[in-house]
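All of these numbers come straight from a predicted model, not from anything done at the bench.
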Amino acid sequence: MELLRDIAHISGKSGLYRILKPGRGGVIVETLDDKKQKEMVSSNARVSVLKDISIYTEDPNTSIPLSDIFLKAREIHGEKVDFDFKNASNAQVFDLFGAIMPEFDRERVYASDVKKIITWYNILSATMPELFVPSAETAEEAKA
């Protein structure tokens, strides 16, 4: 899932953005929705690249990369995770995520984090299905 290095979340904004190129005052991004709007994000904005995000596990010395969580979600739920977050309790949200990643740390990972991850998965699955096609390198690693 090397393509995740080009996808970012911008704090304070909804959705995900494709990083196009650096500009003088920040970075130029494009929305991953149908509108494909481009905008300049200031260098002061908190931009989190999805490739660098990982989730805490019960073992304090390890964490699971977001790419692994997305692949596991694809195995279990297919192309879309159908879940009603608005009417779900935190326990139900954690149960959903527990099916995908049973070893996540329930004290350090919040329900809002899980909602964000599932929303991101659904966005990426709909707009960038090529993320979930195994590359030749990944296939060779799986054989070994």
Side-chain angles (χ1 to χ4, degrees), residues 1-22 26-37 39-144:
M1 287 199 144
E2 280 300 310
L3 291 175
L4 284 182
R5 64 179 156 53
D6 296 331
I7 307 300
H9 169 70
I10 301 168
S11 184
K13 295 181 178 256
S14 63
L16 293 174
Y17 297 83
R18 181 186 319 265
I19 299 171
L20 297 178
K21 62 181 181 176
V27 65
I28 299 171
V29 296
E30 175 183 65
T31 60
L32 283 183
D33 58 11
D34 294 336
K35 296 177 184 175
K36 302 285 185 200
Q37 293 177 320
E39 64 181 271
M40 173 68 89
V41 178
S42 131
S43 58
N44 295 336
R46 289 187 47 201
V47 177
S48 302
V49 178
L50 296 192
K51 179 81 174 156
D52 298 336
I53 297 175
S54 59
I55 302 301
Y56 295 117
T57 63
E58 292 171 345
D59 179 359
N61 297 322
T62 61
S63 61
I64 305 268
L66 203 54
S67 59
D68 292 353
I69 295 167
F70 288 159
L71 291 174
K72 187 70 171 175
R74 176 59 69 119
E75 283 178 29
I76 295 172
H77 294 283
E79 292 183 12
K80 183 173 184 185
V81 177
D82 280 325
F83 192 77
D84 182 16
F85 288 110
K86 292 184 183 201
N87 297 320
S89 68
N90 285 351
Q92 291 170 317
V93 171
F94 286 144
D95 289 344
L96 167 75
F97 197 61
I100 297 169
M101 187 182 153
E103 65 274 12
F104 83 98
D105 188 337
R106 292 176 186 253
E107 292 179 14
R108 295 191 292 171
V109 177
Y110 301 108
S112 60
D113 298 331
V114 173
K115 291 174 187 178
K116 218 182 289 187
I117 290 168
I118 299 302
T119 302
W120 292 348
Y121 170 76
N122 286 337
I123 291 170
L124 290 172
S125 185
T127 60
M128 299 182 71
E130 65 272 13
L131 278 175
F132 302 97
V133 176
S135 66
E137 292 175 11
T138 309
E140 288 180 21
E141 289 175 10
K143 288 180 184 177

Exercise for the section: State, to 0.1 Å, how close N87 and Q92 come at their nearest heavy-atom pair, and which atoms those are. Expected result: O-OE1, 4.1 Å
Fill in the blank from the handout: ring-ring contact (aromatic ring centres under 6.0 Å, His included) filter on F85, not counting sequence neighbours, yields F83
Side chains of residues 117-126: which donor-acceptor partners sit under 3.5 Å, not counting sequence neighbours?
residue : atom : partner : partner atom : Å
T119    : OG1  : K115    : O            : 2.7
Y121    : OH   : R74     : NE           : 3.1
Y121    : OH   : G78     : O            : 2.3
N122    : OD1  : V81     : N            : 2.9
N122    : ND2  : V81     : O            : 3.2
S125    : OG   : R74     : NH2          : 2.7
S125    : OG   : E79     : O            : 2.5

Practice task
Taking side chain to side chain donor-acceptor pair (under 3.5 Å) as the test, write out the residues that go with N90, two or more places apart.
Solution key: none
Exercise for the section: Quick one: list whatever passes salt bridge (Lys or Arg N to Asp or Glu O under 4.0 Å) with E30, sequence neighbours left out. Expected result: R18
Handout entry: K86: side chain to side chain contact (heavy atoms under 4.5 Å, CB included) partners, not counting sequence neighbours
Key = D84
Problem - Any residue meeting side chain to side chain donor-acceptor pair (under 3.5 Å) with S63, in chain and number order, not counting sequence neighbours - result: S54
May I have the list of side-chain donor-acceptor pairs in residues 6-17 shorter than 3.5 Å, sequence neighbours left out?
residue : atom : partner : partner atom : Å
K13     : NZ   : E39     : OE1          : 2.8
Y17     : OH   : S14     : O            : 3.4

Practice task
Taking side chain to side chain donor-acceptor pair (under 3.5 Å) as the test, write out the residues that go with D105, two or more places apart.
Solution key: R108
Handout entry: For F97, all residues meeting ring-ring contact (aromatic ring centres under 6.0 Å, His included), sequence neighbours excluded
Key = F104
Handout entry: Any residue meeting side chain to side chain contact (heavy atoms under 4.5 Å, CB included) with E75, in chain and number order, not counting sequence neighbours
Key = K72
Handout entry: Results of side chain to side chain contact (heavy atoms under 4.5 Å, CB included) for I64 - residues two or more places apart only
Key = T57, D68, I69, M101, E103
Handout entry: Residues forming a side chain to side chain contact (heavy atoms under 4.5 Å, CB included) with D113, sequence neighbours excluded
Key = V109, Y110
